[in-house]
Amino acid sequence: MLAFTMSTAKAEPAESLDHFLAQLRADATARGITPATFAAALGGVTPDPAVLAAMRHEPEYGKPMPAYLASLVSPTRIAAGRRKLTQWAETLRAVQQRFGVEPAVLVSIWGIESAFGEAADRWDVFRSLATLAAARFQHPLFRNELLSALTILQQGKIPRGQFVGSWAGAMGQPQFLPSSYLRYAVDFDGDGRADIWSSVPDVLASIANYLQKFGWRAGLPWGFEVVVPQKFDFRESRGSFRQWAARGFHRADGGALPDAGMAILFFPSGASGPAFLVTGNFVVIKTFNNSDAYALAVGTLSDRLRGGAPVRAAWPADDFQPSRGERMALQRRLAALGFKVADFEGHLDFDLRDAIRDQQRRFGMTADGYPSRAFLQRLGVMAR
Ligand code: CA
């Protein structure tokens with residue numbers, strides 16, 4: 001569920017695992033981790049070369065939007081998701097009643113994170129986290145996650161053997177890092193343990209609790225594909241749904257826009273591609289994985305699970321999405337031009353897209369908030 005940057009990995013020297021664990025022990029003790037728990041978790045642990053290899057592997061960035069969406073919102077996942085909606089209808093209703101998150105969104109995240117639990121990774125969480133922390137990858141994130149994992153084990157409800165996850169320690173069917181487990185995992189089937197590895201009610205409730213804690217608003221759609229009116233002047237990027245309707249926008253599927261709620265106009269691939277009006281709940285989905293493409297995949301998958309149509313407008317044939325390096329260079333450049341930039345790790349938020357719009361106006365370009373190759377080049381940012 002997390003994308004990592006390599007920049008911080010290079011900045012810090014690695015230390016030997018034994019030395020690292022000796023240092024960690026005092027902090028663990030201060031958190032109430034007993035020597036027995038520490039030994040059960042990390043006794044005899046060695047660095048995992050496969051984790052180090054995965055850490056060094058530059059993740060895929062800048063994948064064209066249609067290819068990315070096609071891989072996540074696949075016919076197989078849509079069909080499986082619809083079966084899960086039926087199979088778990090009663091549980092999903094109960095989860096929605098308690099946390100306010102609708103079933104199709106929960107099933108979409110569940111399906112994308114772990115193929116509904118079928119894609120469960122089997123990396124040992126303690127070994128992975130210790131390897132990454134000793135390598136000072138994303139320091140101090142993985143060191144803290146290791147301490148959180150020790151805390152979970154110390155609580156005694158999750159057996160040592162169950163601590164399996166992704167190479168980077170994301171655990172169970174919702175792919176929670178240990179700190180997220182401690183904050184958001186929920187026991188929903190009532191057996192006294194929040195089992196995100198094998199209890200579907202616990203998995204669904206934990207995802208819902210996570211979203212609710214990050215501000216999910218019950219009853220608010222994630223957004224809609226919209227048709228942009230011919231005469232739109234690209235001056236506006238935000239407004240209430242009513243305002244958007246008054247500006248001549250309508251839903252691509254012909255349905256009515258809601259009467260209430262604010263929405264942001266979002267062009268994932270620029271004004272020549274599909275347009276969306278997205279809400280605060282779209283931004284909440286990004287707390288699960290800080291990427292507009294991810295949130296769009298969750299949103300459009302949830303539409304398909306409810307029987308909705310695929311995205312109607314055509315994506316540009318040679319769709320360009322900037323790589324992480326290009327996005328980071330863009331952020332530095334916009335900051336140098338005086339724009340407020342919240343994050344220099346390459347995550348695009350809607351404030352940054354508004355800054356792009358301002359700069360596009362100065363260049364006399366269509367102000368769609370999309371960092372096209374032409375825009376990056378005009379800005380002096382080296383782009384592929
Ligand atoms: Ca449980």
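Just follow the structure's listing: the first ligand is 1, and inside any ligand the first atom is 1. All values reported here derive from a predicted model rather than from experimental measurement. Because only heavy atoms are used, hydrogens play no part in the values below, and waters and symmetry mates are left out as well, while side chains stay in.
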Given the rule in the side chain to side chain contact (heavy atoms under 4.5 Å, CB included) test, do Arg183 and Phe176 qualify, once you have shown the distances and angles that lead to the verdict?
CA-CA 10 Å; Arg183 280 187 217 117; Phe176 277 1; over 6 Å; no
Restricting to N, O or S, what is the name of the atom of Asp191 that lies nearest the Ca ion (ligand 1)?
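Within Asp191, restricted to N, O or S, the Ca ion (ligand 1) is closest to atom OD1.
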Other residues, nucleotides and ligands only: do more than 12 of their heavy atoms fall within 6.0 Å of CZ on Arg247?
yes
Is it the case that the ring center of Phe214 lies less than 6.0 angstrom away from the ring center of Phe288?
no
Check each of Thr91, Leu85, Thr86 against Trp88 using the side chain to side chain contact (heavy atoms under 4.5 Å, CB included) test, and report the only one that passes.
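Of the listed options, the one satisfying the test is Thr91.
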For the Ca ion (ligand 1), angle spanned by Arg193 O and Asp187 OD1 (nearest 10°) is 90°
Rounded to the nearest 10°, what angle sits at the Ca ion (ligand 1) between OD2 of Asp202 and OD1 of Asp189?
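Vertex at the Ca ion (ligand 1): approximately 120°.
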